[in-house]
Amino acid sequence: MKIVGGPASQLLASRTARALGTEPVLCEFNRFPDGELYLRIADEIKNESVILIQSTPTDSDLVSLLQLIDACNEAKELNVVIPYMGYSRQDKRFKPREPISARAVARCINADRVFTVNIHEKSVLGYFPCPAKNLDAAKLLGEYIAGFGLENPILVAPDEGAERLVKKVSSGLGFDYDHLQKTRLSGDTVTIKTKNIDVTGRHVVLVDDMIATGGTMTESIKMLKDQGAVDVYLACVHPVLARNAVLRLFNAGVKDIIATDTLEKAESILSVAPLIADALKDLQ
Ligand code: R5P
C-alpha cells in the first residue's frame, strides 16, 4: 500500500502513514511560470494499491487532487481520502440556475473508493461515481474535550444542523448539550437566538462541523457570554477560518479553538489520522 499526500494534507498523510507503519511517498509540488500547477509522484506506483489523501479547501487544491488521481492511473487500486471537501455546502440548488457544486466536484473523482470526514451533507456521498464513505470525528472531539477536565461543561451547537454532531460528541461522556437557533443573513453575517439554556457560571463548548468566516461562532460566543457563561471554547472538525475569522473569534472572547487536521492550521491540535488509518486497515 502506498500513501500519497497532496499539498493540502502533507501532515495528515504523514501521520496516517505512520499510524499504518509506513511512510508517505514523496511528491514534488511546483508551478509553471504561467502559474499552472505541476506535480510529480517520486516513487513507482504502477500496480500498487494507492491511498491518496488531499483536502480541497481551495480551487488549486482541487486541481492538485485531480492531477494526483490522473498521475495514479496505473495503480492497481485507488482510494481517495478527501478529509475536507470544498464546495460540499452547495449540496443543492438554493436558487434556480445555480450549480450543485458538490455534485460537479464529486463527479470528477475517478477512484475505486472515496472517504470523507464529517462531510457537511451526507447526501453528497451519492454524487461520487464510486462507493463513498464518511468518517466521523465526533468521538475524537468528545474524548479531547473530556481531557480538558472542565467542571460540568455544556456542549452547544450554534444551529439545528449541528445538533446531531453535538449529540454524538457528548455521547457516552455524560455532557449536557443543546443547540441555538441561527438565521443566516449573508455569507458572513448571522443572527443567533437562544433557547432556554441556562449557561450562567458554566463552561461552554460550542461545537460545529466547520468554522468558515467565524460569523456563526462570533455571534454565539457574544450571546453566551452575555448570558453569563464563564468561558466559551470552540470545537470543530474543519478549521476553514477564512479571512479574519480568528481575530473576530478572539475579539468576541473565545477562550480557545480546538480543531482537527482535516485542514492544517495552527488550531488543528487534534489529528484524524487514527480515524483514517482504521478505515484503511479494513481494506488491507
Ligand atoms: C453551516 O451549516 C455550517 O455547519 C457552519 O455553521 C457554517 O459553515 C459556519 O460558517 P461561518 O463560520 O461562516 O459562520
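Both ligands and their constituent atoms are indexed starting at 1 by order of listing.
Closest to atom 14 (O) of ligand 1, if we only count protein heavy atoms, is T216 OG1, 2.5 Å. Annotation: atom 8 (O) of ligand 1 to nearest protein heavy atom, R89 NH1, 2.8 Å. Nearest protein neighbour of atom 1 (C) of ligand 1, counting heavy atoms only, is H120 CE1, 3.4 Å. In terms of protein heavy-atom proximity, atom 13 (O) of ligand 1 is closest to T213 OG1, 2.6 Å.
Following chains of ILVMFWY side-chain contacts shorter than 4.5 Å, one cannot reach Y84 starting from L135, and the two form parts of different hydrophobic clusters.
Applying the side-chain hydrogen bond (donor to acceptor under 3.5 Å, both in side chains) test to pairs two or more places apart or on separate chains, those with a residue in residues 49-58 are S49-E77, T58-D61.
The proximity of M210 to ligand 1, defined as any non-hydrogen pair under 4.0 Å, involves the side chain as well as the backbone. Counting heavy atoms under 4.0 Å from ligand 1, residue D208 touches it through the side chain alone. Heavy atoms of D209 found under 4.0 angstrom from ligand 1 belong exclusively to the side chain. Looking at R184 against ligand 1, only its side chain comes within 4.0 Å, counting heavy atoms.
Any N or O atom pair closer than 3.5 Å counts here, and A212 shares at least one such pair with ligand 1. At least one N/O-N/O distance between G214 and ligand 1 falls below 3.5 Å.
Applying the 6.0 Å contact sphere to CD of E28 captures more than 12 heavy atoms from other residues, nucleotides or ligands. The 12-atom threshold is exceeded at CZ of R93, counting heavy atoms of other residues, nucleotides or ligands nearer than 6.0 Å.
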Exercise. Should Y38 and F29 be marked as a ring pair (Phe, Tyr, Trp, His ring centres under 6.0 Å) after you check the CA-CA gap, both sets of side-chain angles, and the distance that decides it?
Worked result: CA-CA 6 Å; Y38 171 85; F29 305 115; 9.7 Å; no
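Between R103 and D91 there is no salt bridge, since none of the side-chain N atoms of the basic residue sits less than 4.0 Å from a carboxylate O of the acidic one. Under the 4.0 Å criterion applied to side-chain N and carboxylate O atoms, E143 and K139 are assigned as salt-bridge partners. Under the 4.0 Å criterion applied to side-chain N and carboxylate O atoms, R202 and D176 are assigned as salt-bridge partners.
Residue contacts with ligand 1: A162 is excluded, as none of its non-hydrogen atoms falls under 4.0 Å.
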